[in-house]
There are 2 protein chains.
Amino acid sequence: MQYNNTNMGASKTEHFTEKQNTIATIAKAMGHPARIAILDYILKMDTCICGDIVNALPLAQPTISQHLKELKNAGLIKGNIEGNAICYCIDESALQTMQKYFGQITTKLEKKKTTCC
Amino acid sequence: MQYNNTNMGASKTEHFTEKQNTIATIAKAMGHPARIAILDYILKMDTCICGDIVNALPLAQPTISQHLKELKNAGLIKGNIEGNAICYCIDESALQTMQKYFGQITTKLEKKKTTCC
DNA sequence: TTATTATATTGCAATATTACGATAAAGATT
DNA sequence: AATCTTTATCGTAATATTGCAATATAATAA
């Protein structure tokens with residue numbers, strides 16, 4: 001076998017396409033219920049979230065701060081603190097990337113007429 | 001504080017809605033480039049995958065088997081082994097769940113006219 | 001200046017994930 | 001039956017994630 005690393009526990013991202021890594025990164029950031037709850041909460045508000053997110057979720061403040069950071073790194077939210085209040089809102093670009101991906105899947109599936117499984 | 005567990009490292013899924021957990025579970029399964037590559041590969045084939053997936057990916061056979069299991073558990077693929085050949089294909093239900101979720105997000109975003117961030 | 005309030009960072013413990021060699025299981029082939 | 005082929009499972013090492021207490025940082029209020 002030509003792949004002989006022992007870098008266990010770590011993803012071998014270098015073996016996949018940039019697009020595959022992009023989709024996986026965004027999906028991974030969405031792969032935790034607390035982060036979905038944060039996205040839901042931002043969407044529920046009329047404006048971006050300004051301070052009350054810690055009270056709205058059953059997690060400690062450092063934990064939420066960490067989740068927000070991951071969502072931001074994945075490009076799902078943007079913004080920053082303003083004064084001494086948080087100010088985050090949805091970043092549509094990552095969402096559009098995902099919607100486009102699912103759209104392409106749907107298109108491909110419609111072309112396939114197999115009845116295998 | 002009323003949330004006082006020490007179950008560190010584990011997600012506190014019980015504190016979130018069923019829908020949030022569902023979305024997170026599917027997203028988590030998609031949160032690895034190898035699993036996206038597997039989905040891409042299945043979609044690229046005319047039929048479901050029958051045996052050659054191990055040769056198509058830069059991962060050892062047990063690793064791929066494990067990834068396939070996770071995709072199946074998340075409802076992203078279905079099928080089973082037939083004879084001594086694998087036979088997996090896309091399960092559209094999980095994909096539809098995700099597409100619906102992203103659709104709802106888009107709808108909500110269109111209603112919001114904030115220019116905060 | 002000294003609180004106060006709000007968010008971020010650090011450090012660490014518990015758990016989960018990733019990867020693969022070795023091996024098992026099961027149908028196909030000889 | 002014995003062997004081959006293909007996929008699954010087990011065991012284990014390395015790394016990543018999750019969560020929070022303690023603390024740091026920074027803007028605001030007193």
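First the proteins, then the strands, lettered A, B, ... as listed; each starts at 1.
Judged by distance alone with a 3.5 Å cut-off, no donor-acceptor contact links the side chain of A:Gln61 to the base of C:dA6.
The nearest heavy atom of DNA chain D to A:Arg35 and to A:Ala10 marks one nucleotide each, and the one closer to the 5' end goes with A:Ala10.
Under a cut-off of 6.0 angstrom, the local environment of NZ in B:Lys100 is sparse, with at most 12 non-hydrogen atoms contributed by other residues, nucleotides or ligands. More than 12 non-hydrogen atoms from other residues, nucleotides or ligands lie less than 6.0 angstrom from NZ of A:Lys108.
Rounded to a whole Å, the CG atom of B:Leu57 is 13 Å from the P atom of D:dT7. A straight line from CG of B:Asp52 to P of D:dT5 spans 16 Å, rounded to a whole angstrom. To the nearest angstrom, P of C:dT7 lies 12 Å from CD1 of A:Ile38. For the pair A:His15 NE2 and C:dA19 P, the interatomic distance rounds to 9 Å; values are reported in whole Å. Between the NZ atom of B:Lys69 and the C1' atom of D:dT6 there is a distance of 17 Å, given to the nearest Å. Atom pair B:Phe16:CZ and D:dT18:P shows a separation of 11 Å (rounding to whole Å applied). Between the P atom of D:dT9 and the CD1 atom of B:Ile64 lies a distance of 15 Å, rounded to the nearest Å. Atom CG of A:Leu71 is separated from atom P of C:dT7 by 16 Å (rounded to the nearest Å).
Taking every side-chain heavy atom of B:Pro62 into account, C:dA22 is the closest of C:dA22, C:dT18, D:dA22. Listed nucleotides D:dA8, C:dT9, C:dC20 differ in distance to B:Ser65; the shortest reach to its side chain belongs to D:dA8. When distances are taken from the side chain of A:Leu68 to each of D:dT15, C:dA8, D:dT7, the shortest belongs to C:dA8. Nearest nucleotide to the A:Leu59 side chain, out of C:dG21, D:dC20, C:dA8: D:dC20. With C:dT7, D:dT7, D:dA8 as the candidates, the nucleotide lying closest to the side chain of A:Ala85 is C:dT7. Side-chain atoms of A:His32 lie closest to D:dT18 of the nucleotides D:dA16, D:dT18, C:dC20.
Between the side chain of A:Thr107 and the main chain of A:Gly103, a donor-acceptor pair closer than 3.5 Å is present. Judged purely by atom type and a 3.5 angstrom limit, A:Thr22 uses its side chain to pair as donor or acceptor with the backbone of A:Glu18.
A close approach under 4.0 Å does occur between a side-chain nitrogen or oxygen of A:Tyr88 and OP1 or OP2 of C:dA8. At least one side-chain nitrogen or oxygen of A:His67 sits closer than 4.0 Å to the OP1 or OP2 atom of D:dG19. For D:dA16, the OP1/OP2 oxygens have no side-chain nitrogen or oxygen of A:Lys28 closer than 4.0 Å. One finds a side-chain N or O of A:Thr63 lying less than 4.0 angstrom from the OP1 or OP2 phosphate oxygen of D:dC20.
For the atom pair A:Ile36 CD1 and B:Thr17 OG1, the distance stands at 9.5 Å (nearest 0.5 Å).
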